[in-house]
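Here's the structure, in structure tokens; my notes come after.
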Amino acid sequence: MSDTTAPAFDFQDREPFWQNEWKRRSTFAVPDVPPADRPKYYVLEMFPYPSGQLHVGHVRNYTLGDVVARYKRARGFAVMHPMGWDAFGLPAENAARERNVHPGKWTMDNIATMRGTLQRLGFSLDWDREIATCLPEYYGKQQKLFTDMLAAGLVERRDSLVNWDPVDETVLANEQVVDGRGWRSGALIEKKKLSQWFLKITKFAQPLLDDLKTLDRWPERVRTMQERWIGRSEGARVRFALHQPPAGYDEDLDSVEVFTTRPDTLFGLSFVGISAEHPLARKVAETNPQAAAFIEECRRLGTSEEVIEAAEKRGFDTGLRVANPLDPEKTAPVWIANFVLMDYGTGAVFGCPCGDQRDLDFARKYDLPVPQVLLPAGQDAETFVLGKKAVSGDATLFNSGFLDGLDPATARKKVIERLEGLGAGKGVVNWRLRDWGISRQRYWGCPIPVIHCDACGPVPVPDELLPVILPEDVTFDRPGNPLDHHPTWKHVDCPHCGKPAVRETDTFDTFVDSSWYFARFTSPHAETPTVPAAANGWLPVDQYIGGIEHAILHLLYARFFTRAMHETGHLDVDEPFAGLFTQGMVTHESYRDDSGWLYPEDVERQGDQVVRRETGTPVQVGRSEKMSKSKRNTVSPVDIIERFGADTARWFVLSDSPPERDMEWTASGVAAAARFGQRLHRLVSAVAARDAADSVHGTAGDDLRRVTHRAIAAVGDALEAFTPNVAVARLHELTSALADAERVEGAGIAAARREAAQVLCLLVAPMMPHLAEDMMAVLEPGSALVVERPWPEAEEKWLAVQSVTIGVQILGKLRGTIEVPPNAPKEDVLAAAKNEPNVARLLEGKRLVKEIHVPNRIVNFVVAG
RNA sequence: GCGAGCUUGGCGGAAUGGUAGACGCACGAGACUUAAAAUCUCGAGUCCGCAAGGACGUGCGGGUUCGAGUCCCGCAGCUCGCACCA
């Protein structure tokens, strides 16, 4: 760019300048305990994994948070707005294996790079609170939380079948298995028996469910997803004794326990279905090769997507029979069924075809009896025949002995009473939620602070020996856990008896790290995990912002952890996040030609066509979709900042789309944002140069003052409503009004222009903070920084309008508009409306039935004839 | 299958039950310029009309209302989540 077209705002120079000013003044620092003189506001964005580069999704996320933080700050809140790094995890180990770089170095280098980008974006963060979960100052405190939870009975060690990811060579939580595959590796998951640590999240199942109702500033769908994930269902456990059990079927194997939500239909028993992994199924397989083959087949197909897709119900008759506990004369067969899950309920179901579609399909397929026990409302017991559809909706019990004539809800209670009396079952609440297995056979994570002693068993590492530091000298030359291979690290003396013992070499699931960081931010340097006065003062987070992908796992774990920390005395709140906002993705068009996918910077628009920059050859444009490396439809924030500046990037991501929706990244949108910033700076600079600072108000400025004060109100409303796109639109309007006012002359216009310019500085500041400071410095040299000024107040006087334009409708159709003074008397407005030429013309010869007048809004004439 | 959400110009989107399409992008015309860029001004839902004006118009079909993008009922399409949950 030549000198003659030099930009009004030189972001290369000025943005770092203002960032330095804020830093020099510690503008964004807040004390550990919130100050008493102001209300507190805690804004938090989900902290990033240090993958190497910030991506535009981060820019959107953190810009949204920064707008909230800066706005609330200007509104007089003490704003906590911290940033940190979710720094443990697999990619660092993969980098170590692939590139021979230590995970710690790789991670810290990435953090340095990404921190630089965040700082270059000018976010109002308290950098003194920065934490990285991979540093002992953080994970050591996490170890303390763990040993406290262990002491409080919130942790358990269990042998359990775990989801084993054969590629990553680690255990995964149920939540991390997606369609039978590892969420990260995509490998088919195997079942393996290991001794594992579990956090007893199920202990809090009821409060975690109940308190969802209190989270009224969370998106409905997130609450629904959590509710379903927790999965409370009321029913009964019923024990079916084997009818004439064969020899060897004793102790636990002489009966089958099922879970059912429909004990009322027990007289409709057709079969008992057990999982292929059920102990009884294994027992049968010992002597029955066909059963063994069927089980093997189920296991092979068990979790793959195709099976769920096809959903074919298949079974194998074991030849065993069970007696109905309510009527021991009646027996039913036991089938191994591929649709019965071992890890839900008891791994066994009782089949009642009459009341359950799946059971009906199964019974029909294998020609099992279909006892009819549910009579749909309006049907006659004599004539009712069950077709292909199981009974649903209103019904009463029949053919069910003592339950005949009852509705299902009443019958359930009666059956449970009877079963409990017989000792054959009891009413229970069953949860879908499992305890949280947190052991991972990984190096780059927080060591689990336990020592295993042959004599004493697992011994928690005592406080004075914490933190257990991750050794640095490890090798990645073979699969499995490097901690396990380390020559010396794991060999220690038992803290109890002093005999040689070994350390636990498993590390925590990284979701543990992110389950309490919001609390640590309130006292990031404390010797204890939290300082209760700080944590209780700042928590809950008032506004949490992040992607929807964490709707279940992270948010549920964090809610659990907060309760567990409450129980162990580290804080006394239960819900960590009072307000949750899930922002949409950033998308981009994709481009390809014969050579493959092309990066956005390799193509350019020529008229209606998109062509390859180097060759001018046409390029196919794909729909806008989530940015991905494979489609090369990515944009680098660093690149954007270098070319257009931080404020342009910030303004653009806020401009068009409402934040909860996906937004499309476009080059023209970025250019427009850059243009607006320059235009605004030019306008304000022109005001500073032309209009004297001591100008006085006068009537020539009234119109502009009205626009200015309405903008103050509208931008405030938009930011309160979390719709920065609307705030942006209002700011465009005020800017255009100021531009129009350049042509106005007369007493007072200068003062009005100065006021508008000043207000523009204050109102754009949450979005474009550097530009705002720079404009203010030009407009009012030597005065307070924008960031130290309060949000402007709209004056009522200027919100009132001089005249209002009222639409005049006839039968609800707009026929004209009239200008009247605000709050004009009804008679005057109606008279003016009737005088409007077009309205008068259309009213002629019509009979007026009704006149509707909504003050300052609309007039509607209802006519006939 | 269950659940949540979405559907408004060429595009992103705005709109406490009250003048649909604010604001921006793209587009067109003009000004400035030797020219281009930048900047500025103006225009624009569709159709009919020179115009005044009119008809139609927020996925589709109904309803409530003086008045519906907005509320209610039904349907379709798309997106996301869960999914053999007993």
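Below, chains carry the letters A, B, ... as their sequence lines are ordered, and counting in each starts from 1. Heavy-atom basis, side chains included; hydrogens, waters and symmetry copies ignored.
- Base pairing of B/rG1: its partner is B/rC82, meeting the Watson-Crick or G-U wobble criterion (both donor-acceptor distances under 3.5 Å).
- When the P atom of B/rG81 is taken as reference, atom CG of A/Leu556 falls 18 Å away, rounded to whole Å.
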Atom pairs, N/O to N/O, protein against nucleotides 39-47 of chain B, distance under 3.5 Å?
from	atom 1	to	atom 2	distance (Å)
B/rC40	OP1	A/Arg679	NE	3.0

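- A/Phe652 and A/Phe644 have their aromatic ring centers separated by at least 6.0 angstrom.
- A/Asn838 comes within contact range of the sugar-phosphate backbone alone, with a heavy-atom separation under 4.0 Å but no base atom that close.
- Classification of B/rG49 as anti follows from a glycosidic angle more than 90° from 0.
- One finds no side-chain N or O of A/Lys813 lying less than 4.0 angstrom from the OP1 or OP2 phosphate oxygen of B/rA55.
- Residue-level contact check: A/Pro219 touches neither bases nor backbone, having no heavy atom under 4.0 Å from any strand.
- Closest to the A/Ser657 side chain, of the nucleotides B/rG24, B/rG53, B/rG12, is B/rG12.
- Nearest nucleotide to the side chain of A/Glu220, out of B/rA15, B/rG13, B/rA4: B/rA4.
- Nearest nucleotide to the side chain of A/Arg841, out of B/rA22, B/rG54, B/rU19: B/rG54.
- Considering only side-chain N and O atoms, A/Asn725 lies under 4.0 angstrom from the phosphate OP1 or OP2 of B/rA14.
- OP1 or OP2 of B/rG54 sits under 4.0 Å from a side-chain N or O of A/Arg815.
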For nucleotides 1-3 of chain B, list the nitrogen or oxygen atoms of the protein found under 3.5 Å from its nitrogen or oxygen atoms, one pair per line.
from	atom 1	to	atom 2	distance (Å)
B/rC2	O2'	A/Arg228	NH1	3.4
B/rC2	O2	A/Arg228	NH2	2.9
B/rG3	O4'	A/Arg228	NH1	3.2

Could you list all N or O pairs between the protein and nucleotides 29-31 of chain B that sit under 3.5 Å apart?
none

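- Contact annotation: the side chain of A/Arg232 approaches that of A/Val429 to within less than 4.5 Å [non-hydrogen atoms, C-beta and beyond].
- Residue side chain A/Arg730 reaches the base of B/rA22 through a donor-acceptor N/O pair under 3.5 Å, judged by distance alone.
- No contact: A/Val258 has no heavy atom under 4.0 Å from any strand.
- Taking the side chain of A/Trp229 as heavy atoms from C-beta on, and the options B/rA4, B/rA14, B/rA83, the nearest nucleotide is B/rA83.
- The residue A/Val862 sits close only to the backbone: its heavy atoms come under 4.0 Å of sugar-phosphate atoms, none of a base.
- At distances below 3.5 Å, not a single donor-acceptor pair connects side-chain atoms of A/Asn324 with backbone N or O atoms of A/Leu269.
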Distance-only donor-acceptor pairs under 3.5 Å for side chains of residues 812-821 of chain A, two or more places apart:
from	atom 1	to	atom 2	distance (Å)
A/Glu819	OE1	A/Ser803	OG	2.7
A/Glu819	OE2	A/Thr805	OG1	2.6

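- If you measure from atom CG of A/Asn430 to atom P of B/rC85, you get 13 Å, rounded to the nearest angstrom.
- Between A/Thr666 and A/Asn860, the one whose closest nucleotide on RNA chain B sits nearer the 5' end is A/Thr666.
- For A/Arg661, counting side-chain heavy atoms from C-beta on, the closest listed nucleotide (B/rC85, B/rG13, B/rG18) is B/rG13.
- At a threshold of 4.5 Å between non-hydrogen side-chain atoms, the residues A/Asn338 and A/Phe316 do not count as touching.
- In this structure, A/Asn856 places its CG atom 13 Å from P of B/rU19, rounding to the nearest Å.
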**Message:** If you apply the rule side-chain hydrogen bond (donor to acceptor under 3.5 Å, both in side chains), what do you find for A/Asn430 with A/Ser233, and how did you get there?
**Reply:** CA-CA 5 Å; A/Asn430 194 63; A/Ser233 66; 4.6 Å; no

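- Set against B/rG18, B/rA86, B/rC25, the side chain of A/Ala672 has B/rC25 as its closest nucleotide.
- The residue among A/Ser233 and A/Asp662 whose nearest nucleotide of RNA chain B is located toward the 5' end is A/Asp662.
- For A/Phe861 and B/rG67, the CZ to P distance is 16 Å, given to the nearest whole Å.
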**Message:** Go through it in stages, so that I can follow the logic: the residues are A/Glu851 and A/Lys834, the test is salt bridge (charged side-chain N to carboxylate O under 4.0 Å, His left out), and I'd like the CA-CA distance, side-chain angles, deciding distance and then a yes or no.
**Reply:** CA-CA 11 Å; A/Glu851 298 171 336; A/Lys834 286 173 194 164; 2.7 Å; yes

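- Between A/Ile336 and A/Ile295 there is a side-chain heavy-atom pair separated by less than 4.5 Å.
- Pairing partner, B/rA44: none, since no Watson-Crick or wobble contact has both distances short of 3.5 Å.
- Using a 4.0 Å heavy-atom criterion, one finds that A/Thr817 contacts the bases of the nucleic acid, with or without backbone contacts as well.
- Using a 4.0 Å heavy-atom distance criterion, A/Glu733 is classed as a sugar-phosphate-only contact.
- Residue A/Ala729 has its side chain nearest to B/rA22 when only B/rG18, B/rA22, B/rA20 are considered.
- Listed candidates were B/rC66, B/rA86, B/rC82. Nearest to the side chain of A/Val349 is B/rA86.
- Close to B/rG5, at under 4.0 Å from its OP1 or OP2, lies no side-chain N or O of A/Arg223.
- In this structure, A/Phe676 and A/Trp651 have parallel ring planes: the angle between them is below the 30° cut-off, well short of the 60° mark.
- Judged as a side chain to side chain contact (heavy atoms under 4.5 Å, CB included), and not counting sequence neighbours, the contacts of A/Asp361 are A/Gln357.
- Residues forming a side chain to side chain donor-acceptor pair (under 3.5 Å) with A/Asn856 (at least two apart in sequence, or on another chain): A/Asn823.
- One can place CE of A/Met585 at 15 Å from P of B/rG12, the figure rounded to the nearest angstrom.
- Nucleotide B/rG74 forms a pair with B/rC60, judged by Watson-Crick or G-U wobble geometry with both contacts under 3.5 Å.
- Proximity note for A/Ser668 (side chain, C-beta onward) versus B/rA26, B/rC85, B/rG24: the nearest is B/rA26.
- Nucleotides B/rU70 and B/rU16 are separated by 11 Å at their C1' atoms, to the nearest Å.
- One side chain, A/Ser685 or A/His681, offers a donor N or O that lies under 3.5 Å from an acceptor on the other.
- Here CD1 of A/Ile201 is found 4.0 Å from CG of A/Leu556. Values are rounded to the nearest 0.5 Å.
- Residues A/Thr63 and A/Arg650 have side chains that never bring a donor and an acceptor to within less than 3.5 angstrom of each other.
- Going from the C1' atom of B/rA68 to that of B/rG18 covers 10 Å, rounded to whole Å.
- Heavy atoms of A/Leu848 sit nowhere under 4.0 angstrom from any nucleic acid atom.
- In this structure the side chain of A/Gln206 reaches within 4.5 angstrom of the side chain of A/Trp431, judged on heavy atoms.
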